[in-house]
**Student:** 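One structure, pasted below without further comment.
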Amino acid sequence: MSLKRVALIVGVVAVCGTGVAVAAHQQVDPATVPTGFLTAHSAINNVPASVIADALESGKTDVFIEHGRLAAREARGFRTSPGPVFVIVQKGSLSYRDAARGQCRSKGLVPNQGVTVPTGRAHQLVAGGAGADFYAVYLLPRRTGPHFKEATPPPGC
């Protein structure tokens, strides 16, 4: 097989793969979203600089911004992500759950508060009594596949 033909096949596969990756994530029409800040002056304490440096190390990062909504007391299953995630509560409240040293931890978050989820950390979000609207910003290595994977609850949770 000629080098030209191999290059053509590789190019077609790459374009088709990119189309599938983009199509797998429903995107909101920007015309339906009011302009302005989606969130401002939100506090996320103790953001390790190494988390951001690792995500940007290759110089090629995919960014996902998700508007999530959970009904009153609704919980997402435990999940992990191939890159860091910044979760910011916009309305209502959330409990962020993960484990450290074999013990389950829970951090309560109210509007304009957030948390950094390190790469690969199994975590869960649980809405408070009034539900929750939140934004999640994912910094992922280029073309790593899904932005999260379901995970087994860590020991202690």
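We count residues from 1, following the sequence as given.
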**Student:** Measure the CZ-CD distance between Phe134 and Gln113 for me, rounded to the nearest 0.5 Å.
**Tutor:**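 One gets 15.5 Å once the value is rounded to the nearest 0.5 Å.
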**Student:** Taking the side chain as C-beta and beyond, is there a heavy-atom pair between Val63 and Leu139 under 4.5 Å?
**Tutor:**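 A side-chain contact under 4.5 Å exists here.
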**Student:** What are the two closest heavy atoms between Ala71 and Glu74, and how far apart are they?
**Tutor:**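 Shortest heavy-atom contact: N-OE1, 2.7 Å.
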**Student:** Give a yes or no on this: more than 12 heavy atoms of other residues, nucleotides or ligands lie within 6.0 Å of atom CZ of Arg101.
**Tutor:**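 Count not over threshold, so no.
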**Student:** Shared ILVMFWY cluster between Val89 and Phe86, side chains joined below 4.5 angstrom?
**Tutor:**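 Cluster IDs for Val89 and Phe86 differ.
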**Student:** If you group Ile, Leu, Val, Met, Phe, Trp and Tyr by side-chain heavy-atom gaps below 4.5 Å, do Phe78 and Val87 land in one group?
**Tutor:**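 Shared cluster, no.
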**Student:** For Thr152 and Ala122, work out which heavy atoms get closest and say how close.
**Tutor:**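 The answer is O-CB, 4.3 Å.
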**Student:** Would you sort out whether Leu38 and Gln90 count as a side chain to side chain contact (heavy atoms under 4.5 Å, CB included), showing the intermediate values?
**Tutor:** CA-CA 8 Å; Leu38 299 178; Gln90 188 62 32; over 6 Å; no
**Student:** Is the backbone N or O of Arg76 less than 3.5 Å from a side-chain atom of Gln124, with the two atoms forming a donor-acceptor pair by type?
**Tutor:**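 Yes; judged by distance alone, with no hydrogens or angles, the pair exists.
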**Student:** Judged by modelled atom types alone, do His67 and Asp133 share a side-chain donor-acceptor pair under 3.5 Å?
**Tutor:**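 Short answer, yes.
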**Student:** Side chains of Phe148 and Val85: does their closest heavy-atom pair fall under 4.5 Å?
**Tutor:**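 No, too far: nothing below the 4.5 Å cut-off.
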**Student:** What's the spacing between Ser106 OG and Asp98 CG if we round to 0.5 Å?
**Tutor:**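 One gets 9.0 Å once the value is rounded to the nearest 0.5 Å.
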**Student:** What distance separates Ser95 OG from Leu109 CG, expressed to the nearest 0.5 Å?
**Tutor:**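 Here the rounded value is 7.5 Å.
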**Student:** Please determine whether residues Leu70 and Ile65 belong to a single hydrophobic cluster, defined as Ile, Leu, Val, Met, Phe, Trp and Tyr linked transitively by side-chain heavy-atom distances below 4.5 Å.
**Tutor:**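 No: no chain of side-chain contacts under 4.5 Å links Leu70 to Ile65.
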**Student:** Write down the atom of Ser81, the atom of Leu140, and the distance for their closest heavy-atom approach.
**Tutor:**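 So the two residues come closest at OG-CD2, 3.4 Å.
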**Student:** Between the main-chain N or O of Pro48 and the side-chain N or O of Thr116, is there a donor-acceptor pair closer than 3.5 Å?
**Tutor:**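 Checked: no pair found.
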**Student:** Can you check whether Asp54 reaches Thr119 side chain to side chain, under 4.5 Å on heavy atoms?
**Tutor:**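 They are not in contact (no side-chain heavy atoms under 4.5 Å apart), so the answer is no.
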**Student:** Decide whether Ile88 and Ile52 are clustered together by the hydrophobic rule: side chain heavy atoms of Ile, Leu, Val, Met, Phe, Trp, Tyr closer than 4.5 Å, transitively.
**Tutor:**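 The answer is yes; both residues are in one hydrophobic cluster.
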**Student:** Measure the spacing between OG1 of Thr61 and CG of Leu56 and express it to the nearest 0.5 Å.
**Tutor:**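 Between atom OG1 of Thr61 and atom CG of Leu56 there are 4.5 Å.
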**Student:** Tell me if a side-chain donor or acceptor on His123 pairs with a main-chain N or O of Thr80 at a distance below 3.5 Å.
**Tutor:**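 Looks like no, no N/O pair under 3.5 Å.
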**Student:** Hey, are Glu66 and Tyr138 close enough side-chain-wise for a donor-acceptor pair under 3.5 Å?
**Tutor:**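 Present: a donor and an acceptor within the cut-off.
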**Student:** At their closest point, which heavy atom of Pro111 faces which heavy atom of Lys91, and how far apart are they?
**Tutor:**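 Answer, listing the atom of Pro111 first, then Lys91: CG-CA, 4.2 Å.
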**Student:** Looking at every non-hydrogen atom in both residues, tell me the closest pair between Cys104 and Gly156 and how far apart they are.
**Tutor:**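 Shortest heavy-atom contact: CB-O, 3.1 Å.
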**Student:** Between Leu94 and Tyr96, is there a shared hydrophobic cluster once you connect ILVMFWY residues whose side-chain heavy atoms come closer than 4.5 Å?
**Tutor:**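 Linked within one cluster.
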**Student:** Tell me the closest heavy-atom pair linking Ala99 and Pro155, and the distance in Å.
**Tutor:**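 For Ala99 versus Pro155, the nearest heavy atoms are CB-O, 3.9 Å.
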**Student:** Are Asn112 and His41 side-chain neighbours, meaning at least one heavy-atom pair lies under 4.5 Å?
**Tutor:**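 Asn112 does not reach His41 side chain to side chain.
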